[in-house]
Amino acid sequence: MRTLGVIVALLVACCCLAGCADRPREQSLAEQMEVVRAGQSSSITLSKRPVNDTELGAIAELPRLRTLQLDHDHQSFTATGLTELVKLPELQHLRLRGAKVDGEMLRPILQFKHLQILNLPQADLSDAEFGQLATLPELVQLRISSPRLTPAGLAKLEAFPALVRLHLIDVPVTDAGLAIFEKLPRLESLYLDGANVSDAALERLFRARSDLHVHLNQAHHDRDPHRHPH
């Protein structure tokens, strides 16, 4: 029996090693850029290393680029580098992890008028700066962290012309802020991570917006009428 156990353990180890070996490596920035230039892709995703301003300048020379996802935990670019990306006429999906997007970094992002999906998980915007995102006419999905937002800032969501999916990360949403989502008839999906809201306020939201798909801290609320397994 002991011999059988050893054999099983070896087989499991071999399977694990094979799985690691089969896992595709992330292509370098140069490789991904070449594929985009050849018209075989319209996206670049980098998670293994940070990106700097010079590299953003090179990426900006790819007019076919539609999706840019920079996922390293500690980015090296600045607002100057992001300004270079304004040259991308078809950019629709932008994700910037590992970058504290403040008002200065936000300014070039506001120039991407065809942006549909924006993901800024380490942003830090004031109420007024957050409200400027309403100038993106095609923005349908926003995922953002912004610990300084107040109910007054969240109220600016009423001016967003196309938003249907919203994910707020560590935004101090209170009962007063939660009531604002009742006034967003286009909103279809609401994810709240780190909010401080009462069950009574949530029940009021569910009554007012029975069509709204709601997640709290990555899970459905018990009384969400759209609760289902994922």
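Numbering of residues begins at 1 and proceeds along the displayed sequence.
- Counting only heavy atoms from C-beta outward, the side chains of Leu168 and Phe181 approach each other to under 4.5 Å.
- Contact detail for Lys87 and Ala60: the closest heavy-atom pair is CB-O, 3.8 Å.
- Put simply, the side chain of Phe206 reaches to within 4.5 Å of the side chain of Val214, judged on heavy atoms.
- Residues Leu118 and Phe112 are not in side-chain contact: their nearest non-hydrogen atoms beyond the backbone lie 4.5 Å or more apart.
- Separating the CG atom in Leu139 from the CD1 atom in Ile117 is a distance of 9.0 Å, to the nearest 0.5 Å.
- Applying the side-chain hydrogen bond (donor to acceptor under 3.5 Å, both in side chains) criterion to Glu138, with sequence neighbours excluded, gives His114.
- Listed by chain and residue number, Glu26 satisfy the side-chain hydrogen bond (donor to acceptor under 3.5 Å, both in side chains) test with Ser47 (two or more places apart in sequence, or in another chain).
- Shown here for Gln122 and Leu96, the closest heavy-atom pair between the two residues is OE1-O, 4.2 Å.
- Asp175 places a side-chain N or O within donor-acceptor distance of the main-chain N or O of Ser198, the cut-off being under 3.5 Å.
- Looking only at distances, no side-chain donor or acceptor of Ser210 sits under 3.5 Å from a matching main-chain atom of Arg207.
- In terms of heavy atoms, Ser145 sits closest to Pro121 at CB-O, 3.0 Å.
- One distance of note links CG of Leu65 with OG of Ser41; it measures 8.0 Å at 0.5 Å rounding.
- In this structure a side-chain-to-backbone donor-acceptor pair under 3.5 Å is missing from Ser146 to Arg148.
- Nearest approach of Ala159 to Ala134, heavy atoms of both residues: O-CB, 3.8 Å.
- Within the structure, the side-chain hydrogen bond (donor to acceptor under 3.5 Å, both in side chains) test picks out the following pairs touching residues 160-170 (sequence neighbours left out): Gln141-Arg165, Arg143-His167, His167-Asp193.
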List the atom pairs, with distances to 0.1 Å, where a side-chain N or O of residues 50-58 and a protein N or O form a donor-acceptor pair under 3.5 Å, not counting sequence neighbours.
unit_1: Asn52; atom_1: OD1; unit_2: Thr54; atom_2: N; d: 3.1
unit_1: Asn52; atom_1: OD1; unit_2: Glu55; atom_2: N; d: 2.8
unit_1: Asp53; atom_1: OD1; unit_2: Thr78; atom_2: N; d: 2.7
unit_1: Asp53; atom_1: OD1; unit_2: Thr78; atom_2: OG1; d: 3.3
unit_1: Asp53; atom_1: OD1; unit_2: Gly81; atom_2: N; d: 3.4
unit_1: Asp53; atom_1: OD2; unit_2: Thr78; atom_2: OG1; d: 2.6
unit_1: Glu55; atom_1: OE1; unit_2: Arg49; atom_2: NH1; d: 3.3
unit_1: Glu55; atom_1: OE1; unit_2: Asn52; atom_2: N; d: 3.0
unit_1: Glu55; atom_1: OE2; unit_2: Arg49; atom_2: NH1; d: 3.0
unit_1: Glu55; atom_1: OE2; unit_2: Arg49; atom_2: NH2; d: 2.9

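- Side-chain atoms of Leu115 and Gln92, non-hydrogen and from C-beta on, never get closer than 4.5 Å to each other.
- Leu136 contributes atom CG, which lies 9.0 Å from atom CG of Leu142 (distance to the nearest 0.5 angstrom).
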Which donor-acceptor pairs under 3.5 Å do side chains of residues 32-40 form with protein atoms, sequence neighbours excluded?
unit_1: Gln32; atom_1: OE1; unit_2: Thr45; atom_2: N; d: 2.9
unit_1: Gln32; atom_1: NE2; unit_2: Gln27; atom_2: O; d: 3.0
unit_1: Gln32; atom_1: NE2; unit_2: Thr45; atom_2: O; d: 2.8
unit_1: Glu34; atom_1: OE1; unit_2: Arg37; atom_2: NH1; d: 3.3

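- Arg186 contributes a side-chain N or O that, together with a main-chain N or O of Phe160, makes up a donor-acceptor pair within less than 3.5 Å.
- Contact annotation: the side chain of Leu29 approaches that of Ile44 to within less than 4.5 Å [non-hydrogen atoms, C-beta and beyond].
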| Yes or no on side chain to side chain contact (heavy atoms under 4.5 Å, CB included) for Tyr191 and Leu166, after CA distance, side-chain angles and deciding distance? | CA-CA 6 Å; Tyr191 280 53; Leu166 177 63; over 6 Å; no
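- The residue from Leu184, Leu178, Val173 that alone fulfils the side chain to side chain contact (heavy atoms under 4.5 Å, CB included) condition with Leu154 is Val173.
- Considering CG of Leu187 and CZ of Arg209, their distance stands at 6.0 Å, rounded to 0.5 Å.
- Taken to the nearest 0.5 Å, the CZ atom of Arg95 stands 6.0 Å off from the CG atom of Asn119.
- A donor and an acceptor atom, one from each side chain of Thr150 and Asp127, are located under 3.5 Å apart.
- When all heavy atoms are compared, the tightest approach of Pro147 to Ala123 is CD-O, 3.7 Å.
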Acceptor/donor pairs from residues 99-111 side chains to any protein atom, 3.5 angstrom cut, sequence neighbours excluded:
unit_1: Asp102; atom_1: OD1; unit_2: Glu104; atom_2: N; d: 3.2
unit_1: Asp102; atom_1: OD1; unit_2: Met105; atom_2: N; d: 3.0

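- Contact of the Leu46 side chain with the Asp71 side chain is not registered, since no non-hydrogen atoms from C-beta on lie closer than 4.5 Å.
- Between Arg97 and Gln75, the closest heavy-atom pair is O-CG, 3.0 Å.
- Distance CD/Gln69 to CG/Leu94: 9.0 Å, rounded to 0.5 Å.
- Side chains of Ile144 and Ile169 form no contact here, defined as non-hydrogen atoms less than 4.5 Å apart.
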